[in-house]
Amino acid sequence: MVGARGRSRTSAVRLLRVSETPEIHESDVPEQMRVRREKRDRIIADGGEAYPVSVDRTHEIADVKAAYTGLEDGEETQDVVGVAGRVVFIRNTGKLCFASIQDGTGERLQIMLSLAEVGEDSLAAFKADVDLGDHLFAKGRAIKSRRGEVSVFATEWAIASKALRPLPVLHKELSEESRVRQRYVDLIARPLARDTVRHRATMVRSLRDSLHSRGFIEVETPMLQTQPGGAAARPFITHMNAYDIDLYMRIAPELFLKRAAVGGIEKVFEINRNFRNEGADSSHSPEFSMLEAYEAYGDYSTIGRLTQDLVQGAAQDVFGTQVVTLADGTEYDLGGEWAHLTMYGSLSEAIGEEITPTTPVEHLEMLCDKAGLKVDPKRVNHGKLVEELWEHHVGDTLTAPTFVRDFPVETSPLTRDHRSIDGIVEKWDLYVRGFELATGYSELVDPVIQRERFEQQARMAAQGDDEAMRLDEDFLTAMEHAMPPSGGMGMGIDRLLMALTGLGIRETILFPLVKPQED
RNA sequence: GGGCCUCUAGCUCAGCUGGUAGAGCAGCGGACUUUUAAUCCGUAGGUCGUGGGUUCGAGCCCCACGGGGCCCA
């Protein structure tokens, strides 16, 4: 602790030293920034405040608009309100100025300043000091303008916070790059960006509420792990100085949630971040949020039912309907009972010949060749090939929400064998709009078979499969204390929001990772 | 990993077959007491992502690198 504090003090000092020698080359600063900086300096030099500690806000914009929308055009009241928001529109005419302020919800309210009401000096100061993008406070009577807009006719005004950079043009879309690099600007400028933040919050609350109401207990399990497990993925590696050991950012919480289940938390879930050291594209982010839930004395069917209920409940809570309207304007129906099909059955039907867990690898390779599929030679086995074929022949054709059941055993080392069919496991993947939204298992709880599965994975790793799972002795010890028969599921939170809205993953994550720009 | 598109003023974008860089908004100065992306007059603003190359001459053509997007694997 002491050491840590000492270090942070050192870095604070270093930071201070840097900020004491600001190297601002005046000629490099765009004119608009220079002008605003000069305004800030002048306001302060004149004894004013560009960043006051508080302003006398008495009303929210939405409340003012709601209370006075019934006024006649041009009607004035004597009710005095204090409002604040960011200036998004300004019109400085000779003796009557207009400004529209916007708050965090996107609600806007017009402020009017007249020479008669505020006097010459105040009006001149307003024109000189207030820019688009500033936070502005205004106090005055609530009125409706002659043109019928609810307004505050100011008797006092103050800059609540001076913006040193200009706003972008609010009538054009920001470029996609600016949207993610400067999300704060995106949030100011684009209503859909604000909506997405709120939709996500509502959705996550809906999931939590649904789970809590069913008796699930939310826990938090380690993100820094001594051994990464629970999924097939490459981890991020970091280092802990105090113990001088490498740690891994978790790729999944599964192995810890199962330890919790062993300990008797019979209905358990976690909503939290996972990290996978892989590529990023329109549906993958290196850090993403995931819900995992485990239900003792359930199986993959009961957990599938729960998953459908959670998703449908989220759609209902966010949009009030299970027929959601996507970003491109199309409708997507999440309602009703979702289709179920089996992996081997649907693949056999699609290619017109019977594929079973005993179909030889050579034959599957031939089928892959025929379909033009290239499989990483380090990862060739029956299960991989069947999944590749299935994705190509069936997965890509799925649009309606569909549970795909009964996977090959090789790719599912944490799932129990099917209760009646050899060579497959009790696992489903949920496909929504063609992408994988969730997965569910009848959990493997036999510690002896679990050890064999890990050993099988170790052999795959030895052949060069860098996504193969690693044997986790501590986890096996927990399992040897007996985990109750359980159903478990995992669902991507970002992907659920993608499914509900039709947005890309970088729009569903508030601050997605962006590569630094080199000058 | 491969292919295609893209990077120009604070923002959004034009820029023809290679010939000294343009608009709208915003900015600055001015007019205007009911404006809604006001209007009008005037004005400033650029190392065209970075680095090479071809050329008498490159925003434009070629190569490499970087950022972003889309498609494929």
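All heavy atoms count here, side chains included; hydrogens, waters and symmetry mates do not. Within every chain, numbering begins at 1; the chains are lettered A, B, ... in the order of the sequence lines, protein sequences first and strands thereafter.
The phosphate of rU6(B) (OP1 or OP2) has no side-chain N or O of S175(A) nearer than 4.0 angstrom. The side chain of R179(A) contributes no N or O atom lying less than 4.0 Å from OP1 or OP2 of rG69(B). Between rC28(B) and K39(A), a contact under 4.0 Å exists linking OP1 or OP2 to a side-chain N or O.
Each of D281(A) and E76(A) has a nearest nucleotide on RNA chain B; the 5'-most of these lies closest to E76(A).
Using a 4.0 Å heavy-atom cutoff across all strands shown, M33(A) reaches no nucleic acid atom at all. At the heavy-atom level, A116(A) lies under 4.0 Å from base atoms of the strands shown. At the heavy-atom level, N92(A) lies under 4.0 Å from base atoms of the strands shown.
Across the strands present, rG27(B) finds its partner in rU43(B); the criterion is a Watson-Crick or G-U wobble pair with both atom distances under 3.5 angstrom.
Side-chain atoms of S122(A) and W157(A) include a donor-acceptor pair closer than 3.5 Å. Inspection of the Y51(A) and E49(A) side chains reveals no N or O donor paired with an N or O acceptor under 3.5 Å.
Applying the side-chain hydrogen bond (donor to acceptor under 3.5 Å, both in side chains) definition to pairs two or more places apart or across chains, those involving residues 125-139 of chain A are K39(A)-D131(A), R42(A)-D129(A), D56(A)-K139(A), R86(A)-H135(A), D131(A)-K162(A), D134(A)-K162(A).
rA21(B) and rA9(B) have their P atoms separated by 14 Å, given to the nearest Å. Separating the C1' atom of rC48(B) from that of rA14(B) is a span of 13 Å, rounded to the nearest Å. On the C1' atoms, rG49(B) is 16 Å away from rC5(B), given to the nearest whole Å. Between rG15(B) and rU6(B), the two C1' atoms lie 16 Å apart (nearest whole Å). Using atom C1' as the reference point in both rC72(B) and rC63(B), the two lie 25 Å apart (nearest Å). Comparing the P positions of rU12(B) and rG66(B) gives an interatomic distance of 24 Å, to the nearest angstrom.
Listed by residue number, P166(A), P168(A), V169(A), H171(A), K172(A), E173(A) are the residues of residues 151-173 of chain A with a heavy-atom contact under 4.0 Å to RNA chain B.
With sequence neighbours left out, the salt bridge (Lys or Arg N to Asp or Glu O under 4.0 Å) criterion links E292(A) to no other residue.
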